[in-house]
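Note that these values count all heavy atoms, side chains included, but never hydrogens, waters or copies made by symmetry. Just so it is clear: chains get the letters A, B, ... in the order the sequence lines come, proteins before strands, and each one is counted from 1.
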Amino acid sequence: MVEQGKILINEHVGKDIWRMELKAPWIAQKARPGQFVNVRLTEHTDPLLRRPISLHGIDADNGIICFLYLVVGKGTKIMSELENGDSLDLLGPLGNGFSTAFQGKRAVLIGGGIGSAPLYPLMEMLKAQKKSVTLIYGAKDQDSIVCLDLYKENQAEVIITTEDGSAGEKGFVTAPFEALLRNESVNYVYACGPSAMLRAVEELTLKYGVDGEISTEANMGCGLGVCLSCSTPGRDGKNRKVCTDGPVFKMGELAYE
Amino acid sequence: MVEQGKILINEHVGKDIWRMELKAPWIAQKARPGQFVNVRLTEHTDPLLRRPISLHGIDADNGIICFLYLVVGKGTKIMSELENGDSLDLLGPLGNGFSTAFQGKRAVLIGGGIGSAPLYPLMEMLKAQKKSVTLIYGAKDQDSIVCLDLYKENQAEVIITTEDGSAGEKGFVTAPFEALLRNESVNYVYACGPSAMLRAVEELTLKYGVDGEISTEANMGCGLGVCLSCSTPGRDGKNRKVCTDGPVFKMGELAYE
Amino acid sequence: MSKVKTAVKIGTLTVKNPVTTASGTFGSGLEMREYVDLRKLGAITVKGTTLKSRAGNPLPRCTETPSGTLNSIGLENPGVDVFVADILPQVAAYETPIIVNIAGSEIPEYGRLAEILENEDAVSALEANVSCPNVKSGGMALGTDPDLVYQVTKLVKENTSKPVIVKLSPNVTDIVSIAKAAEEGGADGLNLINSVLGLAIDIEHKRPALGNIVGGLSGPAIKPIALRMVYQTAQAVTIPIIGLGGIVSWQDAIEFLMAGATAVGIGTGNFLDPATTMKVVDGIEKYLEDHGFSDIHEIIGIAWKGQNAGKEGCHVCSE
Amino acid sequence: MSKVKTAVKIGTLTVKNPVTTASGTFGSGLEMREYVDLRKLGAITVKGTTLKSRAGNPLPRCTETPSGTLNSIGLENPGVDVFVADILPQVAAYETPIIVNIAGSEIPEYGRLAEILENEDAVSALEANVSCPNVKSGGMALGTDPDLVYQVTKLVKENTSKPVIVKLSPNVTDIVSIAKAAEEGGADGLNLINSVLGLAIDIEHKRPALGNIVGGLSGPAIKPIALRMVYQTAQAVTIPIIGLGGIVSWQDAIEFLMAGATAVGIGTGNFLDPATTMKVVDGIEKYLEDHGFSDIHEIIGIAWKGQNAGKEGCHVCSE
Ligand SMILES: Cc1cc2nc3c(=O)[nH]c(=O)nc-3n(C[C@H](O)[C@H](O)[C@H](O)COP(=O)(O)OP(=O)(O)OC[C@H]3O[C@@H](n4cnc5c(N)ncnc54)[C@H](O)[C@@H]3O)c2cc1C
Ligand SMILES: Cc1cc2nc3c(=O)[nH]c(=O)nc-3n(C[C@H](O)[C@H](O)[C@H](O)COP(=O)(O)OP(=O)(O)OC[C@H]3O[C@@H](n4cnc5c(N)ncnc54)[C@H](O)[C@@H]3O)c2cc1C
Ligand SMILES: Cc1cc2nc3c(=O)[nH]c(=O)nc-3n(C[C@H](O)[C@H](O)[C@H](O)COP(=O)(O)O)c2cc1C
Ligand SMILES: Cc1cc2nc3c(=O)[nH]c(=O)nc-3n(C[C@H](O)[C@H](O)[C@H](O)COP(=O)(O)O)c2cc1C
Ligand code: FES
Ligand code: FES
């Protein structure tokens, strides 16, 4: 569906990070955690393509969705310049979303940088299903850590790592994650972040025999499964479309070169 | 000069016609009636080229300039969507402008549609030089006639024609113009409007032996005299650049095919 | 129903309106059902099909350029057998003519593909994509050599009774000579243009932005190139042209029709707005009504047939 | 003064930085003095000059397309004699190397132009524009035939001691073969690309938007095409390339350098922001400093020389 979302809030929340709330009742009604929206930035032709942005908040009751986004280039810059009341052309919800039907109670969510965006609605859903949630949130530095209140409000355990040690443990998410795997019972793992992080997390889950899912990225042409720009090889030798077969894949499903 | 103008007013004043006031002290200081500004509409590349818009108001003391523009395509549409406080990238003032050093007292200004835009600051200048000014203003219909108060405030005589007769005389500017030429003493004529109108006006001035100037248009690439997109043949067989040799030319200077 | 006639013919195939999709930008059509009424399209042109399945090129396969996209998909597809068995019947259910885009890396493969598809009633026409390098002739694309284009066309024609469209590569000095070669080979129609060979550099990583290095430029950026080729070719051949390249609105489509295209294809435009095809179908019809035309043929080529047509000169030196 | 070395050579001509202007988009340079410090440019490439004066093409000569402009100026210019007498001395006062772009409608004219300009000390190099149709050979542009490009280059070389740059047309199947012909003819450098042949339709008037019908597409829209040609050509020749086509920022310029261009030209970019050349000069220098390079040559061609270079395949079919 193409829906014109109405911007309610567009605020600067961290280093180059913005949070946008939109009234988009149709998408809010349909969306599941892990899905994304393809955002059109202009009625003109530069920038041309839509930009995929994950759902960071889904409030079906109030018809509101939320994005958490990092300004990296011209598309996200345009987003950051929009004002309350402006409308934004949204195509979605797209993609498969996370599944929450795992055995056991304990889920570990791992977010690297802006990759934490889609984990918030997932945490809410897991909490609604009475699962216990630990978030491991890795970032460059203190200023890149945002929206933690949301987790605390929901009684999720939060472990922070930063590359420069300005908040939480110094280092990468893999250290506390391996400690958890070694010392505690973990039933399911969800991860979203840079591909190097996903690879490392995936190796640990395979090593410790824990199941889980990752949400991945690829440059997209269409987001609709028609262009094959996002086609990524799986371990079984078959390609998968990140936009429609993903962006969420089972741990170990994708091949890394 | 490239100056970032700050929008003070951007109001809808007639059928598809908008009036914009900008704080642009440098341009306001330098500009002469008949000059134009080349407006950049986006930092992206579509729409790509700047759009030439005449100076409809020049207030050097307060550092304010004014545009009167008709929304005809994507560039002018973007202009119409800008809000107070937004800034606009202005290149100018460009072009030669009108000359006001004619013999005698009586000037007739002829504006066709949005072509009336540059005539207002000209009228002000002529009035400051104690010339008497008659404006013949032709438009499609009543709703396309705007900003007449300005002329009345300045004690200029105003004659209106509309194609559908919804205001003033029904018909074209040429009828009252020829009546004037026939019955009264006219020392100098200025005209700006569609090229068919300019041609008709020019023929009449030649027929009645009156001097004057026209402000003309051409699709522009640069507005700076470097691309030769606007190069227009003169009667002497030599080309003229509308952007730097014009947009104002002497009556009879250009060749019409 | 409108009284304006919008049906056009490509060989023996009549389509109810001149709007189809650009191969590779609309999947099989099934993926777009949520956004597009497939029954309302003139025809569905499906993703390029090869004899054997192909995994395609390394990622990244897509990058954005000013008003364009560069892609290097590499003809990822399940192969013609899977297409015929699994996909074709589902698309056929929508009763819109299906044009199957075929590609081979050697000339005989085109004949084989035509032969296989000849048995499929659900296939309304074949579109031969000649933009791939011919392995046998040193790697230059098949579509850059009039002789090879002639051969491919002839071979496909010999192996099918269905209308044959030849989809030309724009990366040539003289599009008209290639178009004429296809016409002589028996083509029932032409499709122009395929994407324009381009490249982008990822300056952060100091390497080409695409995994495959070069890619095909598509989208509004190439519209003037496509229009020029349609304008020139339409005056030189008698077979109909499906014009495409950068169409994102009905106005763009009208430009192509006026330049001489008998039908139009929507490619990258689907990515911006998945309902672009529908808007173009409606927009063309409304344009014709509003301007008092009774048949779409009245505007096909009007830019050079009409009163206003001028003489083409050199844009550089006015010779 | 920065410690980074930005000087590059084209034949015997050394320019202090790699930034020049695209012929026809910067006048003689004099028109731009209000916006540009002419002394700060690597070189000024002036508007195309012909033996006799030319009035150019009918209006409209310019129209906008998505991220591009189509123009058909038709080489309006006062002729070489007026240029030499009236314009050249004024530009020379700025002490920046002047590259004179020359064009002929028959091959001998190129020789004559070279001969005339040979006497002018103020001229630092000649740039032969081979994009015009060759009247003698049926109207196809000179620059589409390797033999003719070879002949033109050789003739110009024979008539001048100054470095000779050949400016190639992108409207060819195989840019590398044309580039090699120029190199064999003795060219000291190449300029690529000239504008891409295109057309737009004015649907309101149902005719081509330009008075000349076809025009040259320039601006960001063509950047991927230009980069592809520079990338391919730089690997095939040993002479330096001035890369241009769609440069509007220093980042664009870095793309061209990484693709293998030794210098860059700014054309349509001057229309968007008359100070673009200055920003590109500064931006390149700053980029080099920020990334720890000491000489611009370290990044020239890095996209194919570097570690990250991959293998070029077919973007369509992954062959
Ligand atoms: C499924 C999915 C969900 C995403 N969710 C979020 C999110 O919630 N918050 C967030 O900040 N970012 C998210 N991203 C990344 C986001 O799409 C890119 O940062 C954005 O497209 C960059 O656009 P730009 O114009 O600002 O940057 P530019 O660098 O100017 O973009 C140029 C081109 O590259 C593409 N591109 C650049 N980076 C990426 C990337 N990482 N992934 C895919 N395409 C890219 C753009 O789409 C565009 O075509 C997501 C990506 C995917 C695939
Ligand atoms: C010296 C000069 C002064 C002008 N002053 C005014 C003014 O005060 N108020 C006003 O409303 N209009 C004025 N115009 C016309 C105005 O420039 C065009 O209406 C405007 O460029 C259209 O842009 P668009 O994107 O809205 O339309 P589009 O049709 O989308 O424009 C497409 C392209 O055509 C060019 N173009 C279209 N119409 C014209 C035109 N009439 N003249 C030149 N180029 C054109 C545009 O620059 C652009 O490149 C002036 C034109 C010139 C040359
Ligand atoms: C992602 C993508 C995939 C494509 N795949 C094919 C293909 O399989 N076969 C083909 O003939 N053309 C293919 N094309 C080219 C398009 O069909 C079309 O010719 C080109 O994109 C120009 O049209 P556009 O500007 O409307 O996209 C592809 C284009 C894109 C963007
Ligand atoms: C208005 C205009 C006039 C041009 N005139 C010439 C010319 O006289 N000689 C020439 O070799 N190229 C000419 N060109 C081509 C440019 O020099 C350049 O090759 C082309 O525009 C691509 O660069 P760009 O995208 O930066 O503009 C002209 C281009 C434009 C836009
Ligand atoms: S982005 Fe087009 S298929 Fe996934
Ligand atoms: S618009 Fe470029 S010379 Fe006048």
**Q** Which atoms form the tightest heavy-atom contact between A:Asn239 and C:Ala55, and what is the distance?
**A** ND2-O, 2.9 Å

**Q** Between CG of A:Leu228 and CG of C:Asn57, what distance do you get to the nearest 0.5 Å?
**A** 11.5 Å

**Q** So what's closer than 4.5 Å to chain C heavy atoms on A:Lys74: side chain, backbone, both or neither?
**A** side chain

**Q** May I ask you to test the A:Cys227-C:Thr25 pair for a side-chain heavy-atom distance under 4.5 Å?
**A** no

**Q** I need the minimum non-hydrogen distance between C:Leu59 and A:Ser229, along with the two atoms involved.
**A** CG-O, 4.3 Å

**Q** Under a 4.5 Å heavy-atom cut-off, does chain A meet the side chain of C:Asn270, its backbone, both or neither?
**A** backbone

**Q** Between A:Leu91 and chain C, which part of the residue has a heavy atom less than 4.5 Å away: side chain, backbone, both or neither?
**A** side chain

**Q** Among C:Pro60, C:Gly68, C:Ala275, single out the residue with the greatest number of heavy-atom pairs under 4.5 Å to chain A.
**A** C:Gly68

**Q** Give the minimum heavy-atom separation between C:Cys62 and A:Leu49, together with the two atoms involved.
**A** SG-CD1, 4.2 Å

**Q** Examine whether an atom of C:Thr69 lies under 4.5 Å from a heavy atom of chain A, and if so say whether it belongs to the side chain, the backbone or both; otherwise answer neither.
**A** both

**Q** Counting only non-hydrogen atoms closer than 4.5 Å, can you tell me which residues of residues 81-99 of chain C sit against chain A?
**A** none

**Q** Quick check on side chain to side chain contact (heavy atoms under 4.5 Å, CB included): which of A:Leu224, A:Val226, A:Leu48 does C:Phe271 satisfy it with?
**A** A:Val226

**Q** If you tally heavy-atom pairs under 4.5 Å against chain C, which of A:Gly221, A:Ser231, A:Gly237, A:Gly223 wins?
**A** A:Ser231

**Q** Whether the side chain of C:Arg61 engages the backbone of A:Cys230 through a donor-acceptor N/O pair (distance < 3.5 Å, no angle test) should be reported.
**A** no

**Q** Under 4.5 Å heavy-atom distance to chain A, tell me which part of C:Ser72 shows up: side chain, backbone, both or neither.
**A** neither

**Q** So, are A:Arg51 and C:Glu64 salt-bridged, with charged N and O less than 4.0 Å apart?
**A** yes

**Q** Supply the atom-to-atom distance A:Glu43 CD to C:Ser249 OG, rounded to the nearest 0.5 angstrom.
**A** 12.0 Å

**Q** Between A:Arg50 and C:Leu272, is there a side-chain heavy-atom distance shorter than 4.5 Å?
**A** no

**Q** Pick one of side chain, backbone, both or neither for C:Tyr35, based on which atoms fall under 4.5 Å of a heavy atom in chain A.
**A** side chain

**Q** Are the side chains of C:Glu76 and A:Lys241 in touch, meaning some heavy atoms are under 4.5 Å apart?
**A** no

